[in-house]
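Atom set for the values below is all heavy atoms of this structure, side chains included, hydrogens, waters and symmetry mates excluded.
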Amino acid sequence: MQEDNQEHFKRELGLLDGTMLVVGSMIGSGIFIVSADIARQVGSAGWLTLIWLLSGLITIIAAVSYGELSAMFPKAGGQYVYLKEAYNKLIAFLYGWSFFAVIQTGTIAAVGVAFSKFAAYLYEPLSDENILFELGAFKLNAAQIVSIFTIVLLTYINSRGVKNGKILQTVLTIIKILSLLGLIVFGLTLAAKASVWDANWTDAWATRSYNTETGSWLPISGTALITGISAAMVGSLFSSDAWNGVTFIAGEIKNPKRNVGFSLFLGTFIVTVIYVLTNLMYLAVIPLNEIATAKSDRVAVVASDYIFGDIGTLIIAIMIMISTFACNNGLIMAGARVYYTMAKDGLFFKKAAVLNESSVPAWALWAQCIWASALCLTGKYGDLLDFVIIIVLIFYILTIYGIFILRKKMPDAERPYRAFGYPFLPMLYIIIASAICISLLFTKFSTCGWGVLIMLAGIPVYYLTKPKE
């Protein structure tokens, strides 16, 4: 039955569309902001670059490992399907539950808020300081309205068919890549100073942490260094996340056995190269102290001021608005396919399993839209990111371990593509990601602990709602 339903999706996306979905979903606002926090945590040019490089390599290893699973199960739902096949419906449900409650919707909300933050640069009344309505402790501001408006608009576009979402995604992502490359080239040719570069790379591996209260640097080592590195990697890993979105829409990709895995590799590779080059440009243009103390962490704004002068801020604001808009389009398009597949298994609202006349799961799209919009109103999107990263990593670890399970469970299954570097690279990912998770639970228990709790809260929900066999 399920196979037949899969065919109602229209296979309208090629390799370029798949790759642009990966790149577009990965590059949001992180690369423009996160380097400030990383610089404060580790305090040197070498470590700043290494953390971005490490995050990129970890992400590429995960993506090429997923290639095997995407070729084995080339249908809508992606990671949810892999977990169901490798483990059972409970593990798959916990992923879907976390995905709807926090992972996808929380990320959509955070990216929407980032869009509105920079829209206020262009037009001041759109800022979060413009309170429109107050009721007790609840305050509704203009930025929240802008965030919700963009989420509703993108949901509407995607509910009209996958073609509209695809065209928007590919065009905006190409603009995004070109503008970031432009920023790198202009930065390195117009504003790079040998004196800044040399100063930043003197003592490139000396680890220090920045005390925001005293404005001074303190040398760190041992436990403090491990804490600093894991805290720093939250930002870079989050900026490198959402690459798996293309697996969710495998039911709409032409020749998915080849194109899903290939677009995963190409997309993550392109983004890693862009991220590392962007940070090298920052280090050639901005003294490390200024990276660490950038106002509201907007490192790209500081860089753009050095490169383009006063108009720089405007250029960056427009770039980030395009970037976050394309990012949310990819997240919204991909997310609904997971709820669709869960509903087919009787693990989500029945209506989410219905495709509309444009062959897209419109009900699932609007349910996602309503919850993401509600999360925009909480204003606690910073905490949401901490919740998100730990759950995301736990499920990446489980999914990649699923490759080992499926090799034993289904030794004769057709594998058009095999995980690159198996078993060493997938196992390396599992070890590194597990170490980061454990470190996060120790260092950021107040937020990451909640993330794990939200995930575990899905267990009673599963047993209360699962259909009787």
Side-chain angles (χ1 to χ4, degrees), residues 29-55 114 117 121 128-129 187-188 191-239 275-276 278-307 309 312-313 316 320 380-383 385-386 389 435-436 438-448:
S29 54
I31 186 59
F32 303 99
I33 299 168
V34 167
S35 296
D37 186 55
I38 298 176
R40 286 196 296 274
Q41 302 285 357
V42 290
S44 68
W47 276 98
L48 171 67
T49 311
L50 184 65
I51 279 172
W52 280 103
L53 193 58
L54 262 179
S55 299
K117 217 182 222 176
Y121 249 55
D128 54 6
E129 285 164 20
L188 293 175
K193 289 193 177 75
S195 57
V196 172
W197 177 262
D198 293 344
N200 283 344
W201 285 93
T202 308
D203 290 336
W205 301 101
T207 45
R208 306 171 296 166
S209 102
Y210 186 77
N211 185 324
T212 42
E213 286 167 20
T214 61
S216 58
W217 292 93
L218 303 165
I220 51 168
S221 59
T223 317
L225 176 59
I226 293 167
T227 304
I229 291 168
S230 53
M233 285 192 80
V234 169
S236 55
L237 282 170
F238 196 84
S239 307
Y275 280 2
V276 172
T278 304
N279 278 282
L280 291 175
M281 181 274 288
Y282 290 157
L283 289 166
V285 173
I286 317 169
L288 193 71
N289 249 20
E290 285 184 46
I291 294 176
T293 55
K295 190 182 174 202
S296 301
D297 284 0
R298 290 188 281 243
V299 185
V301 171
V302 179
S304 204
D305 271 347
Y306 274 107
I307 301 166
T313 314
I316 285 292
I320 293 180
K380 294 273 190 297
Y381 61 94
D383 289 347
L385 298 196
D386 270 353
I389 201 69
I436 294 168
I438 293 162
S439 177
L440 282 175
L441 276 174
F442 277 110
T443 57
K444 292 195 165 194
F445 187 74
S446 56
T447 45
C448 289

Only pairs under 3.5 Å count here: list side-chain donor-acceptor contacts from residues 43-51, not counting sequence neighbours, and write none if there are none.
residue : atom : partner : partner atom : Å
Ser44   : OG   : Trp47   : N            : 3.4
Ser44   : OG   : Ala204  : O            : 2.9
Thr49   : OG1  : Ala45   : O            : 2.8

Would you check if Leu288 and Arg208 make a side-chain contact, meaning some heavy-atom pair closer than 4.5 Å?
yes

Keeping the roles fixed (side chain from Asn200, backbone from Ile286), state whether a donor-acceptor pair exists under 3.5 Å.
yes

Go through the structure and list residues passing side chain to side chain contact (heavy atoms under 4.5 Å, CB included) with Ala192, not counting sequence neighbours.
Ala284

Considering residues at least two apart in sequence or located in another chain, which fulfil the side chain to side chain donor-acceptor pair (under 3.5 Å) criterion with Ser55?
Ser236

List for me each residue that meets side chain to side chain contact (heavy atoms under 4.5 Å, CB included) alongside Pro287, sequence neighbours excluded, and say none if there are none.
Val196, Glu290, Tyr306

Which residues share a side chain to side chain donor-acceptor pair (under 3.5 Å) with Tyr121, sequence neighbours left out
Arg298

Any side-chain heavy-atom pair from Ile389 and Ile436 closer than 4.5 angstrom?
no

Could you list the residues that satisfy side chain to side chain contact (heavy atoms under 4.5 Å, CB included) with Ile438, not counting sequence neighbours?
Phe442

Ser439 meets the side chain to side chain donor-acceptor pair (under 3.5 Å) criterion, sequence neighbours left out, with Ser230

So which atom in Ala303 and which in Val285 form the shortest heavy-atom distance, rounded to 0.1 Å?
O-CG1, 4.2 Å

Excluding sequence neighbours, so at least two apart, what forms side chain to side chain donor-acceptor pair (under 3.5 Å) with Thr278?
none

Enumerate donor-acceptor pairs with a distance under 3.5 Å from any side-chain N or O in residues 216-229 to protein atoms, sequence neighbours excluded.
residue : atom : partner : partner atom : Å
Ser216  : OG   : Thr214  : OG1          : 2.7
Trp217  : NE1  : Asn289  : OD1          : 2.7
Thr227  : OG1  : Thr223  : O            : 2.8

Exercise answer: donor-acceptor pairs, residues 30-37 side-chain atoms, under 3.5 Å, sequence neighbours excluded:
residue : atom : partner : partner atom : Å
Ser35   : OG   : Trp52   : NE1          : 3.3
Ser35   : OG   : Asn279  : OD1          : 2.5
Asp37   : OD1  : Arg40   : NH2          : 3.4

Identify the heavy atoms of Trp197 and Leu280 that sit nearest to each other, and give their distance.
CZ3-O, 3.5 Å

Minimum heavy-atom separation for Met281 to Leu188, with atom names?
CA-CD2, 3.8 Å

